[in-house]
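Take a look at the structure below.
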Amino acid sequence: MSDQSAGTNFIRQIIDADLASGKHTDIVTRFPPEPNGHLHIGHAKSIWLNFGIARDYGGRCTLRYDDTNPLKEDEEFVEAIERDVRWLGYDIDRVAHASDYFDQLYEFALELIRKGLAYVDSLPADRIREFRGTLTEPGRNSPDRDNSVEKNLAEFERMRAGEYADGERVLRARIDMASPNINMRDPVIYRIRHHNHQRTGDHWCIYPMYDFTHGLSDAIEGVTHSLCTLEFEDHRPLYDWFIDNLTVPSRPRQTEFSRLNLGFTVMSKRLLTRLVDDGVMDGWDDPRMPTIAGLRRRGFTPASVRNFIASVGITRKDNLIDMLALENAVREDLDPVAPRAMAVLRPLRVIIENYPEGETETLEVPNHPKNPDMGSRPVTLSREIYIEQDDFMLDPPEKFFRLGPGREVRLRNAFVIRCVGLELDESGKVDTIRCKYLPETRSGVQPEGRRVKGIIHWVNAGDAVDVEVRLYDRLFLEAVPLPDDEGRFSRDLNPDSLEVLGNCKLEASLALAASETRYQFERLGYFWQDRDSTRDAPIFNRIVTLRDSWAKIDSRNN
RNA sequence: UGGGGUGUAGCCAAGCGGCCUAAGGCACCGGGUUUUGAUCCCGGCAUUCGGAGGUUCGAAUCCUCCCACCCCAGCCA
């Protein structure tokens, strides 16, 4: 794995201290997704942390599905989750499910009841809510709170046996209805769900809640450091309460860190699901999605995602990370290895008047400007070529050193040309540019005799490959998009987040483009083939643009 | 107005009482190299650490008060 240094963070410091004090000799972590959706780059932070720590400390990290709610979960997501974790570069040597522990969890519940620390409550959901109190007022005890152990045991057995309908009974921990921490006000730990579970089928009709399940699963697995996000901080007293009051095989410790927030996108599973279900996105792997699947399809590399996470670090502070940091990470990863090629996205025809009709020549062009080991390829030049529309201006402003009437520019890897005329179409738009080339300026000939400031890319018309290119921009107009009550984005969506260009011209060598290769189309950005691509109809995704200081100057002028 | 957190540059983030007149990255601004306005290279970018007091020979680091922001009232995770 070619990663930048993982550096340190407060969690690693805790682990170092635990190792130094002898509290632990082996480090065990876990990555605990709920199989109810696809992983996104926020999960990548957790994966990087948990798997990265296990790897660096010679410990192990379990992929554990938190599958305690059969209503929301589906096996369909399991495969996708594992694929995403592997794609990020981590070996999954241990897969577990919270549901593997349902028997033990049930025994733990019995132990709690026997100790007088849990009771079956017959209050309906709305009454439980009422009795819970508010943030500022204490709650009240349920009439069932002081029922005998025997009665609770019997009632719990009836719950398990299916004698009650959903919602008729719950098992609650008996803690403190007056606690300022609402999580400690006799939280529900088992509820009835007459619903098939994706793994245990109809074996159970009662299912444990997250708070009860999570910490105890950690204890069962011997997890030493249970790393989760900040919103679980208030749950830690409860996490510890279960560990303290039950006969557990180990004592894990929960530590929280802040989740990853990226500007101009959303990270909530609910909102992402909404975008997919409403058809705003072309599926979970739409290249504009912040999902792992989306990043993968877009063309981001696993190393770039890892390095990005490493660069933003692990802390307890709320954050809003600039997308530019992610873009920087891919460019950094791709620049030294991406083979270069020439492609024209918005073609403008150029006739080289003094180039003999019917003739062609072959130029040998390096695949990488700094790495000769990457070899070279033949590129054809003839009388008719395409250049980028953006590289020609009728009335160029100062500092624009590309082509314009009477101007000279170098065709990258080839000759200098001078614009000597142009043809307009009926609408008055420039249709064709007429140029003359300077044969003595052939690329590689020293001395060149003539230096021009502008260099533009081009594609030979005769053997160009026609392709579709998809350009992506930020999904939203606002750094922090605001959904409406239904979770839809009526106004913050960026209408131009996807631009499809149909008539793009690629140099002939890319007719054989490898589907796994990420190319740099010179002066444009990094591209690779979309999964929709076929041999007859190639489609390229723009992963990210190159840095563009001209664009900066240009936008400053406007 | 209860409880739990967080505040170091535009965005991240080191820093853990004295080598801090505060690392590093992104962004930004110069300048150099360059047949990608890319890459690369050099330089700039917080006398100041949310604010006010205090302790100390010495504070971003300790104490007090204040301010701002985030999280919590699912039989979700």
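Values in this document were obtained by computation on a predicted structure and should not be read as measured data. The chains referred to below are lettered A, B, ... by the order of the sequence lines, with proteins before strands, and numbering in each begins at 1.
The CD-P distance, from A:Glu73 to B:A77, rounds to 7 Å in whole Å. Taking atom CD1 on A:Ile553 and atom P on B:A38, their separation rounds to 9 Å, with Å as the unit. Going from atom NE2 of A:His457 over to atom P of B:U34 covers 23 Å, rounded to whole Å. Atom CZ of A:Arg160 and atom P of B:C75 are 23 Å apart (whole Å). B:G5 atom P lies 10 Å from atom CG of A:Asn181, rounded to whole Å. Computed from coordinates, the A:Asn69 CG to B:A77 P distance equals 5 Å when rounded to whole Å. When the P atom of B:A13 is taken as reference, atom CG of A:Leu260 falls 10 Å away, rounded to whole Å. Between A:Phe308 atom CZ and B:G25 atom P the separation is 17 Å, expressed in whole Å.
For B:A77, the base is not stacked against the aromatic ring of A:Tyr210, per a cut-off of 5.5 Å between centres and 30° between planes.
When distances run from any side-chain atom of A:Pro369 to the nucleotides B:A77, B:C76, B:U36, the shortest one goes to B:U36. Among the nucleotides B:G37, B:C12, B:C70, the one closest to any side-chain atom of A:Ser549 is B:G37. In this structure, the nucleotide among B:A13, B:G37, B:C26 sitting nearest to the side chain of A:Glu332 is B:C26. Side chain of A:Asp335, nearest nucleotide from B:U39, B:U36, B:C75: B:U39. Each of B:C76, B:U35, B:A27 was ranked by its minimum atom distance to the side chain of A:Arg331; first place goes to B:A27. Taking every side-chain heavy atom of A:Ala325 into account, B:C26 is the closest of B:A77, B:C26, B:U6. Across B:C75, B:G37, B:A77, the shortest atom-to-atom separation from the side chain of A:Asp66 is found for B:A77.
Taking the P atoms as reference points, B:C62 lies 38 Å from B:A77, given to the whole Å.
Taking 90° from 0 as the syn/anti boundary, the base of B:G74 is oriented syn.
Centroid-to-centroid, the aromatic rings of A:Phe212 and A:Tyr207 stay 6.0 Å apart or farther. Residues A:His214 and A:Phe232 keep their aromatic ring centres 6.0 Å or farther apart.
Side-chain N/O atoms of A:Arg547 and base N/O atoms of B:G37 include no donor-acceptor pair closer than 3.5 Å. Remark: the A:Thr136 side chain and the B:U1 base include no donor-acceptor N/O pair separated by less than 3.5 Å. Taking 3.5 Å as the limit, the base of B:C16 and the side chain of A:Gln13 contain a donor-acceptor pair of atoms between them. The base of B:G37 has none of its N or O atoms less than 3.5 Å from a complementary donor or acceptor on the side chain of A:Asp548. One N or O donor and one acceptor, one from the side chain of A:Arg410 and one from the base of B:U35, sit under 3.5 Å apart.
Between A:Glu233 and A:Pro180, the residue anchored closer to the 5' end of RNA chain B is A:Pro180, taking for each the nucleotide with the nearest heavy atom. Toward the 5′ end of RNA chain B lies the nearest nucleotide of A:Asn413, the other residue of the pair A:Glu34 and A:Asn413 mapping further downstream.
A side-chain donor-acceptor contact under 3.5 Å links A:Asp100 to the backbone of A:His97. At least one donor-acceptor pair closer than 3.5 Å links the side chain of A:Arg410 to the backbone N or O of A:Ala414.
Of the side-chain N and O atoms in A:Lys317, one or more sit less than 4.0 angstrom from OP1 or OP2 of B:U8. Not one side-chain nitrogen or oxygen of A:Arg169 sits closer than 4.0 Å to the OP1 or OP2 atom of B:C75.
Remark: A:Arg193 CZ is packed, more than 12 non-hydrogen atoms of other residues, nucleotides or ligands lying under 6.0 Å away.
Between A:His457 and the options A:Arg412, A:Glu522, A:Glu507, A:Glu388, a side-chain hydrogen bond (donor to acceptor under 3.5 Å, both in side chains) holds for only A:Glu388.
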